[in-house]
Amino acid sequence: MRTVLVGPPGAGKGTQANFIAKHFRIPQISTGDIFRANVTQETELGIAAKKYMDAGDLVPDEVTIAMVRDRLAEKDARNGFLLDGFPRTVRQAEALTEILEALATTLDAVLELAVDHEEVVRRLSGRRTCHGCGRNWHVEFDKPADKDVCDACGGELFRRDDDSPETVRHRLKVYADQTAPLVAHYERAGLLVRIDASGSVEEITERAIAALEAAGA
Ligand code: AP5
């Protein structure tokens, strides 16, 4: 299955991508995670991306597209993948089509996680992320036993710099301006599958898997 997850910041893309990718046995490719790993390692890419990420802006298309092109050429993506957080602009969507054409393949489906604005703000304001394994927790909805320690790997939990209320507001505006038009783009292409992304994590995972299977992905 070759699929894309789309939805506003905090919709639960990372949370759901993990379960969906395991179910279909495909790699989860999150551009946000790749950028954050590069920021931590202080690579050239990380240094270039950091200022955009901290401001809640998108990293320039050409940088992001080159990174995804390289990642999709890796062996583990040959039989399928789940893209989380890419594409995010029409230019990126066009580039993805070109990358897949060069690999003689196409997308099977684009899954939209639809969730209201207030829920997104609630989810992001309480998110805590693990320095060790990258797993996301929530101070109210998905609490670890110790508020500062990851139950999965024992790593230290932190609040992402871009989860401050002001930056979240800006990220939501960037989503509305630059990424939301993609939904119509993929709807026209007959690839869009929309699910209600409110409710428990488990309920949403079931809906997502059922919707992708029904779409023949
Ligand atoms: P990225 O990391 O992709 O951020 P995002 O799209 O803003 O999405 P988030 O990671 O904030 O949220 P999510 O939808 O994954 O939600 P999560 O599962 O964590 O990108 C970060 C930055 O990198 C961008 O701003 C940009 O600068 C750059 N970037 C990345 N991709 C790019 C691209 N293609 N082009 C250019 N720049 C790019 O869930 C959120 C919280 O809610 C968690 O605490 C979780 O535990 C909780 N939660 C999840 N589901 C539920 C539920 N059902 N009920 C209650 N709580 C829940």
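When reading the values below, keep in mind they use all heavy atoms of this one structure, side chains included, and skip hydrogens, waters and symmetry mates. First listed ligand is number 1; within each ligand, the first listed atom is number 1.
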For S198 and ligand 1, answer yes if some heavy atom of the residue is under 4.0 Å from a ligand atom, otherwise no.
no
Report the part of D163 in contact with ligand 1, treating N, CA, C, O as backbone and CB onward as side chain, heavy atoms under 4.0 Å; options are side chain, backbone, both, neither.
neither
Donor-acceptor contact present, side-chain H138 to main-chain L124, <3.5 Å:
no
List the closest protein heavy-atom neighbour of atom 35 (N) of ligand 1: residue, atom name, distance to the nearest 0.1 Å.
Q92 NE2, 3.0 Å
Can you pull out the closest protein heavy atom to atom 38 (C) of ligand 1? Residue, atom name and distance to 0.1 Å, please.
F35 CE1, 3.8 Å
Heavy atom of G7 under 4.0 Å from ligand 1?
no
R36 touching ligand 1 at heavy-atom level, < 4.0 angstrom:
yes
Pair E62 + R91: basic N to acidic O under 4.0 Å
yes
Provide the number and element of each atom of ligand 1 under 4.0 Å from a heavy atom of V201.
50 (N), 51 (C), 52 (C), 53 (N)
Closest by any non-hydrogen atom to atom 41 (C) of ligand 1: pick that one out of K13, R123, H170, M67.
R123
Side chain to side chain contact (heavy atoms under 4.5 Å, CB included), that's the test. Do R194 and V183 meet it? Break it down for me.
CA-CA 9 Å; R194 179 179 291 124; V183 172; 3.7 Å; yes
For D162, is at least one N or O under 3.5 Å away from an N or O on ligand 1?
no
I need the nearest protein heavy-atom contact for atom 12 (O) of ligand 1: residue, atom name and distance, please.
G10 N, 2.9 Å
Mind checking whether L58 has an N or O less than 3.5 Å away from an N or O of ligand 1?
no
With atoms numbered from 1 as shown, which atoms in ligand 1 lie under 4.0 angstrom from a non-hydrogen atom of S200?
53 (N)
For the pair K22 (side chain) and A17 (backbone), establish whether a donor and an acceptor sit closer than 3.5 Å, ignoring hydrogens and angles.
no
Going by the order shown, which atoms of ligand 1 are within less than 4.0 Å of some heavy atom of G14?
13 (P), 15 (O), 18 (O)
Judged by modelled atom types alone, do E94 and H185 share a side-chain donor-acceptor pair under 3.5 Å?
no
Going by an N to O cut-off under 4.0 Å, is there a salt bridge joining R159 and D163?
no
In ligand 1, the atoms that come under 4.0 Å of a heavy atom of N136 are 19 (O)
Taking atom 16 (O) of ligand 1 as the reference point, the nearest protein heavy atom with its distance:
G12 N, 3.2 Å
Compare all side-chain heavy atoms of R71 with those of F86 and state whether any distance is below 4.5 angstrom.
no
Is E112 close to I195 at the side-chain level, that is, under 4.5 Å between some pair of heavy atoms?
no
With nothing but distance in play, are any N or O atoms of D142 less than 3.5 Å from an N or O of ligand 1?
no
If you scan protein heavy atoms around atom 26 (C) of ligand 1, the nearest is D57 O, 3.5 Å
Closest non-hydrogen protein atom to atom 47 (C) of ligand 1, residue and atom name please, with distance?
H138 CD2, 4.1 Å
Can you pull out the closest protein heavy atom to atom 53 (N) of ligand 1? Residue, atom name and distance to 0.1 Å, please.
G199 O, 2.9 Å
Should one rank F86, Y175, W137 by closest heavy-atom distance to atom 46 (O) of ligand 1, which comes out on top?
W137
Any nitrogen or oxygen of A11 lying under 3.5 Å from a nitrogen or oxygen in ligand 1? Just yes or no.
yes
Report yes or no: do D162 and T167 form a side-chain donor-acceptor pair below 3.5 Å?
no
Can any side-chain N or O of R2 pair as donor or acceptor with the backbone N or O of R78 at less than 3.5 Å?
yes
Would you call T97 and T106 a side-chain contact if the rule is heavy atoms closer than 4.5 Å?
no
P9-ligand 1 polar pair, N/O distance under 3.5 Å:
no
Look at atom NE2 of H131 and say whether more than 12 heavy atoms of other residues, nucleotides or ligands are closer to it than 6.0 Å.
yes
Counting only heavy atoms, which portion of A17 has something under 4.0 Å from ligand 1: side chain, backbone, both, or neither?
neither
Identify, by atom number and element, the atoms of ligand 1 in contact range of T64, meaning under 4.0 Å from any of its heavy atoms.
33 (C), 34 (N), 35 (N), 36 (C)
Within the 3.5 Å criterion, strictly below it, is a donor on T129 or R135 matched to an acceptor on the partner's side chain?
no
By number and element, which atoms of ligand 1 are closer than 4.0 Å to a non-hydrogen atom of F141?
55 (C), 56 (N)
Tell me the contacting part of I204 for ligand 1: side chain, backbone, both, or neither, using a 4.0 Å heavy-atom threshold, strictly below.
side chain
Apply side chain to side chain contact (heavy atoms under 4.5 Å, CB included) to the pair V59 and T64, showing each step before the final yes or no.
CA-CA 7 Å; V59 178; T64 310; 3.8 Å; yes
Could you say whether the N/O atoms of V59 and ligand 1 ever approach to under 3.5 Å?
yes
Test of proximity, R127 against ligand 1: N or O pairs below 3.5 Å:
yes
Taking the basic N atoms (NZ, or NE/NH1/NH2) and the acidic carboxylate oxygens, is any pair closer than 4.0 Å for D142 and R127?
no
Out of curiosity, does M1 fall in the hydrophobic cluster containing V110 (side-chain heavy atoms, cut-off under 4.5 Å, transitive links)?
no
Could you say whether the N/O atoms of P87 and ligand 1 ever approach to under 3.5 Å?
no
Where do A197 and A11 come nearest, in terms of heavy atoms and distance?
CB-O, 4.1 Å
Which ligand 1 atoms are under 4.0 Å away from a heavy-atom of L124?
11 (O)
Measuring from atom 6 (O) of ligand 1, which candidate in R171, Q16, R88, R160 has the nearest non-hydrogen atom?
R88
Inspect the contact between E119 and R123 and indicate whether a charged nitrogen and a carboxylate oxygen are less than 4.0 angstrom apart.
yes
With a cut-off of 4.0 Å, which atoms of ligand 1 are near a heavy atom of G85?
31 (N), 32 (C), 33 (C), 34 (N)
What is the nearest protein non-hydrogen atom to atom 18 (O) of ligand 1, stated with its residue, atom name and distance?
T15 OG1, 2.6 Å
Report yes if some N/O of T31 lies less than 3.5 Å from some N/O of ligand 1; otherwise report no.
yes
Polar contact flag, side-chain donor to acceptor under 3.5 angstrom, T43-N38:
yes
